[in-house]
Amino acid sequence: MEKKGKTGMENEGVIDTWLRKHRLLYVGATKHPFILSISDGTIDISSFKTWLGQDYIFVRAFVPFVASLIVKAWKESDDRSDMEVILGGMAALNDELEWFKKEAFKWGVQLSHPLLPHKPNQEYCRFLESLMSVEANYTVAITAFWAIEAVYQESFALCLGDESRTPPELKETCQRWGSEAFGKYCCSLKHIANRRLKQASDDELKKAEVALLTVLEHEVEFWNMSRSGS
Ligand SMILES: Cc1ncc(CN)c(N)n1
């Protein structure tokens, strides 16, 4: 029989430990009023349109970030399957960009000129850029990557629950990130991040925890921006 320690949580990964420690912020990012308004059906469609246009800009910046992670995984990972998992995510982004164009057309959102990133989006993209540099650490970047994907997964899954009253025309959006398949992909990313964190130095651990918190803060700001339209 497995021997349990004092807390009974000795087998818990680093990420779950951090999520417990920073529970309030995590809940703030995954159960934001913007998401709650989708799931209770009270969403203001102009907020949704703001989110759609801004997220298209974000996802375009997300592609080179994921590409930089593929390079890092190829160079630094001790497990070949990391690169395949990240590559699968990259392939999905190709599809996602097409989906944004189709969805924007459906809602009459202009994705080309003069669509500009709002300040919170600009700041989030700048953070992504800082993680793309060759000096940025793989363990830190993969932790941030997991957090970015996990916030969307948990948020949109909430809008697909039995109790939710998500408007039918927004179900496809929620399905994109709230699906079981996307959930499994997030689990694979979490597994990679936890494996790396288990072997990380104190300095890497500190930086990865800060990166996780920074992602959560940016996600909250991104929802706030979508809700207020600015
Ligand atoms: C702001 C934001 N965060 C996360 C995701 C999920 N890739 C996204 N599309 N946009």
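All values below were derived from every heavy atom in this structure, side-chain atoms included, with hydrogens, water molecules and symmetry-related copies excluded. As the structure lists them, so they are numbered: ligands from 1, and atoms in each ligand from 1. Since we're looking at a predicted model, the values are computed, not measured.
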Task: Residues E209, K21: salt bridge by 4.0 Å N-O rule - done: yes

Task: Neighbour list for ligand 1 [protein residues, heavy atom under 4.0 Å] - done: D55, F58, V59, F62, Y124, I148, E149, Y152, W177, E219, F222

Task: Ionic contact status for K102 with E172, cut-off 4.0 Å - done: yes

Open item on the list: I'd like to know whether the aromatic ring centres of F58 and F65 sit less than 6.0 Å apart in this structure.
Closed with: no

Open item on the list: Between R176 and D95 (salt bridge meaning N to carboxylate O under 4.0 Å), is one present in this structure?
Closed with: yes

Task: NZ/NE/NH1/NH2 to OD/OE distance under 4.0 Å, R196 and D82 - done: no

Open item on the list: Any carboxylate oxygen within less than 4.0 angstrom of a Lys/Arg side-chain nitrogen, looking at D203 and K207?
Closed with: yes

